[in-house]
Protein chains: 2
Amino acid sequence: MLSILDEVGAANRQLIAMGYKVTRQREATLRILFENETDHLSAEEVFMLVKKSNPDIGLATVYRTLELLNELDIVEKINFGDGVARFDLRSKDHEHMHHHLLCSECGGVKEIKDDWLQELEERLEKEFGFTVSDHRLEFTGIYKKCANKSCKKERKAVS
Amino acid sequence: MLSILDEVGAANRQLIAMGYKVTRQREATLRILFENETDHLSAEEVFMLVKKSNPDIGLATVYRTLELLNELDIVEKINFGDGVARFDLRSKDHEHMHHHLLCSECGGVKEIKDDWLQELEERLEKEFGFTVSDHRLEFTGIYKKCANKSCKKERKAVS
DNA sequence: TTACTTGCAAAGCATTTGCAAGCGG
DNA sequence: CCGCTTGCAAATGCTTTGCAAGTAA
């Protein structure tokens with residue numbers, strides 16, 4: 001398990017390798033992403049968090065940085081249909097395993113780290129001549145604990 | 001197989017049952033949706049098509065109608081991450097089977113009408129105490145025919 | 001009639017962009 | 001020093017909303 005500093009460092013090396021510069025703002029944004037690895041933050045949320053350590057950063061910079069990280073495959077831009085883009089780190093153990101459980105009761109988003117779709121992808125190749133490069137799987141439903149005692153109060157409680 | 005008129009009629013009855021009125025605009029919108037069942041139209045696209053037979057309709061009305069149909073579960077609002085909401089009819093044979101193949105070469109969206117996830121949903125119930133009410137599955141990749149001869153020219157060619 | 005609907009224009013949001021100033025390498 | 005980056009504000013693009021006029025039942 002790498003420390004956050006190591007992870008940020010690795011990302012920085014990737015930036016440099018691709019000809020981009022390592023700036024205060026980019027490092028700060030990366031740090032926030034790694035510190036909140038499981039949270040599916042929106043650009044606005046990242047902005048708020050980065051601002052704490054870096055009050056001068058602009059929202060546009062955060063957007064630009066997230067877009068850049070998305071292009072470098074350091075994060076994945078995802079859209080749960082609530083009108084804001086969210087950003088997931090694509091670290092080694094998340095690769096190609098972006099399954100989410102969305103609880104309609106508490107609004108929580110849980111990530112499942114299994115690759116369940118290998119078999120299906122092979123079928124698509126054979127039956128449709130379609131070569132899969134990525135997939136996304138989401139389940140909407142309710143946790144038993146949420147069905148019983150309503151836990152609407154706390155958003156993102158489940159994680 | 002029902003005719004489009006029958007399908008629109010059924011939807012109308014649903015509207016009435018829920019206390020909504022059947023208007024020229026709503027019927028026209030429904031007709032367009034049924035006529036383009038496989039096309040994943042955006043609100044703007046629906047608007048354009050409805051305008052042909054109904055030049056006086058306003059874009060806001062189309063948005064409101066689509067939103068209403070979404071609430072009535074007559075259509076499903078989906079988001080492929082391209083910045084526009086798209087709308088899929090939830091007819092009998094589509095129910096609970098919203099799997100999509102997104103071709104990164106030609107931009108085509110193909111629908112798969114199989115329910116592959118029953119088994120996984122049972123696992124989620126057992127292992128996570130999560131009761132699935134809906135799911136979404138998308139594969140991004142390339143069709144063999146697109147990999148060979150580039151078919152970028154025509155958008156939505158595959159369907 | 002009466003409440004639901006509509007069209008229009010204005011507003012609302014998330015996101016993007018132009019540009020001059022700032023900074024990394 | 002050069003060119004990539006930034007912050008700000010303005011612009012954009014999709015979607016929603018306020019409101020007076022229109023219309024289904």
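Every heavy atom of this structure was used, including side-chain atoms; hydrogens, water molecules and symmetry mates were not. All chains are named by letter (A, B, ...) in the order of the sequence lines, taking the proteins before the strands, and each is independently numbered beginning at 1. Everything numeric here is computed off the predicted structure, so don't read it as measured data.
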**Item:** Protein-to-nucleotide contact annotation, 5' to 3' order, nucleotides 19-25 of chain D [B base; S sugar-phosphate only; - none; under 4.0 Å, heavy atom]
**Value:** -----BS
**Prompt:** Would Glu7(B) and Leu5(B) satisfy side chain to side chain contact (heavy atoms under 4.5 Å, CB included), going step by step from the backbone distance to the final call?
**Reply:** CA-CA 5 Å; Glu7(B) 311 227 48; Leu5(B) 252 126; over 6 Å; no
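For the pair Glu67(A) CD and dT6(D) C1', the computed distance is 17 Å after rounding to whole Å. Atom pair Glu27(A):CD and dG24(C):P shows a separation of 10 Å (rounding to whole Å applied). Whole-Å rounding puts the Lys51(B) NZ to dT6(C) P distance at 15 Å. The distance between atom CG of Asp82(A) and atom P of dT16(D), rounded to the nearest whole Å, is 13 Å. One atom, CD of Glu45(A), and another, C1' of dA14(C), lie 13 Å apart when rounded to the nearest Å. Residue Leu68(B) contributes atom CG, which lies 13 Å from atom C1' of dT6(C) at whole-angstrom precision. Atom pair Ile78(B):CD1 and dT15(D):P shows a separation of 13 Å (rounding to whole Å applied). Rounded to an integer number of Å, the gap from CZ of Phe47(B) to P of dG13(D) is 17 Å.
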Can you give me every donor-acceptor pair (side chain of residues 11-28 of chain A, partner residue at least two apart or in another chain, under 3.5 Å) with its distance?
| from | atom 1 | to | atom 2 | distance (Å) |
| --- | --- | --- | --- | --- |
| Asn12(A) | ND2 | Glu27(A) | OE2 | 3.0 |
| Thr23(A) | OG1 | Arg26(A) | N | 3.1 |
| Arg26(A) | NH1 | Lys21(A) | O | 2.8 |

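Pairs of residues two or more places apart, or lying in two chains, that qualify as salt bridge (Lys or Arg N to Asp or Glu O under 4.0 Å) and include a residue from residues 57-71 of chain B are Glu67(B)-Lys77(B). Sorted by first and then second residue, the salt bridge (Lys or Arg N to Asp or Glu O under 4.0 Å) pairs with a member in residues 50-63 of chain B form an empty list; sequence neighbours excluded.
At dT16(D), none of the side-chain N or O atoms of Tyr63(B) fall inside 4.0 Å of OP1 or OP2 (strictly under the cut-off). When the side-chain nitrogen and oxygen atoms of Gln25(A) are compared with OP1 and OP2 of dC23(C), none of them lie within a distance under 4.0 Å. OP1 or OP2 of dC4(D) has not a single side-chain nitrogen or oxygen of Arg26(A) nearer than 4.0 Å.
The residue Glu44(B) sits apart from the nucleic acid: no heavy atom pair falls under 4.0 Å.
Taking the six-membered ring where the residue is Trp, the centroids of His100(B) and Phe80(B) are separated by under 6.0 Å.
A perpendicular orientation is assigned to the rings of Phe130(B) and Tyr143(A), their planes being inclined by more than 60° (bins at 30° and 60°).
Using a 4.5 Å heavy-atom threshold, the side chains of Leu117(A) and Phe139(B) count as touching.
By the side chain to side chain contact (heavy atoms under 4.5 Å, CB included) test, Asn36(B) pairs with Ile32(B), Asp39(B), Leu41(B), Leu49(B), sequence neighbours left out.
For DNA chain C, the neighbouring residues in residues 53-62 of chain B, judged by any heavy atom under 4.0 Å, are Asp56(B), Ile57(B), Gly58(B), Ala60(B), Thr61(B).
With hydrogens and angles left out, the side-chain atoms of His135(B) and Glu121(B) include a donor and acceptor closer than 3.5 Å.
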